[in-house]
Amino acid sequence: MTRSSKPGRSFNLLDGAAAATVVLAAAGVVWSPKLSGAVAKATGALRPVIVTVDVRGVPSADPAALLKGAAAEGKVAIVIRNQPHGSVKVRKIVPLERRLTILTPDGKLVSTPDPNQKTFGTFDGRFVLEGEGRRSAGGVVFGNQSIKIGAPVELEGSNYRFNGTVTDLRLEGN
């Protein structure tokens, strides 16, 4: 009996591997983060998220101009756990002032602005950002990444890249 005269074709190991590859690829498409984000947007699960990021102690020759330029851009690229999220709107940037606390000989505690901040320029600011996210079992998902207070993030504009820490997180519409 020749090979072509067999009544039916049997599957071999190579056919099984090809079928498994197709099933895994289909599962990857269904469970992809971008698709789940699109599904969340279509179902209305995405809501505005306000994320506050504090940036402290970045050396800068002109911190005031850096703050003004960052605010004028109106948006910032954000990276969460080394995963780019994309651009988010900057609601406002609040300059943070460094302060020194001194105990005087008579036992009083005195707080005063750090005089070294003018000499050794450092950028200290609080970025209030607005994007879209959704509630999950592990917190708030922002940019396909779960984000919580205390999480390190990276903010990037046209002429700066800052490492900061999430200090506040609000999911609007709660």
Side-chain angles (χ1 to χ4, degrees), residues 27-101 109-118 120-174:
V29 167
V30 170
W31 286 317
S32 89
K34 289 191 180 201
L35 182 63
S36 65
V39 169
K41 185 176 267 189
T43 60
L46 287 182
R47 296 194 304 241
V49 176
I50 307 301
V51 179
T52 303
V53 177
D54 282 3
V55 175
R56 307 280 301 179
V58 178
S60 172
D62 190 356
L66 184 58
L67 180 106
K68 195 179 289 186
E73 282 184 42
K75 65 179 181 170
V76 66
I78 186 168
V79 178
I80 306 166
R81 289 190 198 92
N82 295 327
Q83 298 295 318
H85 165 64
S87 292
V88 293
K89 178 183 172 187
V90 176
R91 272 194 168 184
K92 65 181 174 180
I93 304 174
V94 179
L96 300 175
E97 183 179 66
R98 289 180 177 250
R99 301 196 58 85
L100 293 177
T101 304
L109 206 56
V110 178
S111 180
T112 182
D114 184 358
N116 294 319
Q117 196 167 6
K118 288 183 171 71
F120 305 107
T122 58
F123 178 83
D124 297 294
R126 177 168 289 156
F127 285 74
V128 180
L129 310 173
E130 182 179 356
E132 289 186 326
R134 60 186 164 82
R135 171 119 6 237
S136 75
V140 175
V141 176
F142 184 71
N144 299 327
Q145 291 285 331
S146 179
I147 189 169
K148 297 179 180 183
I149 294 174
V153 296
E154 187 176 296
L155 304 177
E156 186 173 351
S158 62
N159 64 343
Y160 61 87
R161 177 180 284 163
F162 297 142
N163 289 322
T165 305
V166 176
T167 56
D168 191 21
L169 185 63
R170 291 177 306 216
L171 190 62
E172 300 284 301
N174 279 342

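Please read all numbers here as calculations on a predicted model, not as lab measurements. If you read the sequence from its start, that first residue is 1, and numbering goes on from there.
Between Arg98 and Gly57, the shortest heavy-atom contact is NH2-CA, 2.9 Å. Nearest heavy-atom pair, Val141 versus Ser136, reported as atom, atom and distance to 0.1 Å: CG2-OG, 3.5 Å. Residue Ser111 comes nearest to Thr101 through the heavy atom pair OG-OG1, 4.1 Å, listed as atom of the first residue, atom of the second, then distance.
Residues in residues 150-160 take part in these side-chain hydrogen bond (donor to acceptor under 3.5 Å, both in side chains) pairs, two or more places apart or across chains: Glu73-Ser158, Glu154-Arg161, Glu156-Arg161.
Rounded to the nearest 0.5 Å, atoms CG (Leu96) and CZ (Phe123) are 8.0 Å apart. Interatomic distance, Arg81 CZ to Ile147 CD1, rounded to the nearest 0.5 Å: 7.5 Å. Distance check, rounded to the nearest 0.5 Å: CG of Leu100 to OG1 of Thr112 gives 7.0 Å. In this structure, CG on Leu171 lies 11.0 Å from CD on Glu132, to the nearest 0.5 angstrom. Distance check: Asp124 CG to Asp54 CG gives 9.5 Å after rounding to the nearest 0.5 Å.
For the salt bridge (charged side-chain N to carboxylate O under 4.0 Å, His left out) test with Glu130, the passing option among Lys92, Lys75, Arg91, Arg170 is Arg91; the others fail. Residue Leu169 is tested with Thr52, Val49, Val53, Ile50 for a side chain to side chain contact (heavy atoms under 4.5 Å, CB included); the sole match is Val49.
In this structure, Val153 and Phe127 have side chains that are not in contact, with every pair of non-hydrogen atoms separated by 4.5 Å or more. At least one side-chain heavy atom of Arg135 sits less than 4.5 Å from a side-chain heavy atom of Val140.
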Criterion side chain to side chain contact (heavy atoms under 4.5 Å, CB included) on Val90 and Leu129, from CA distance to verdict: CA-CA 5 Å; Val90 176; Leu129 310 173; 3.9 Å; yes
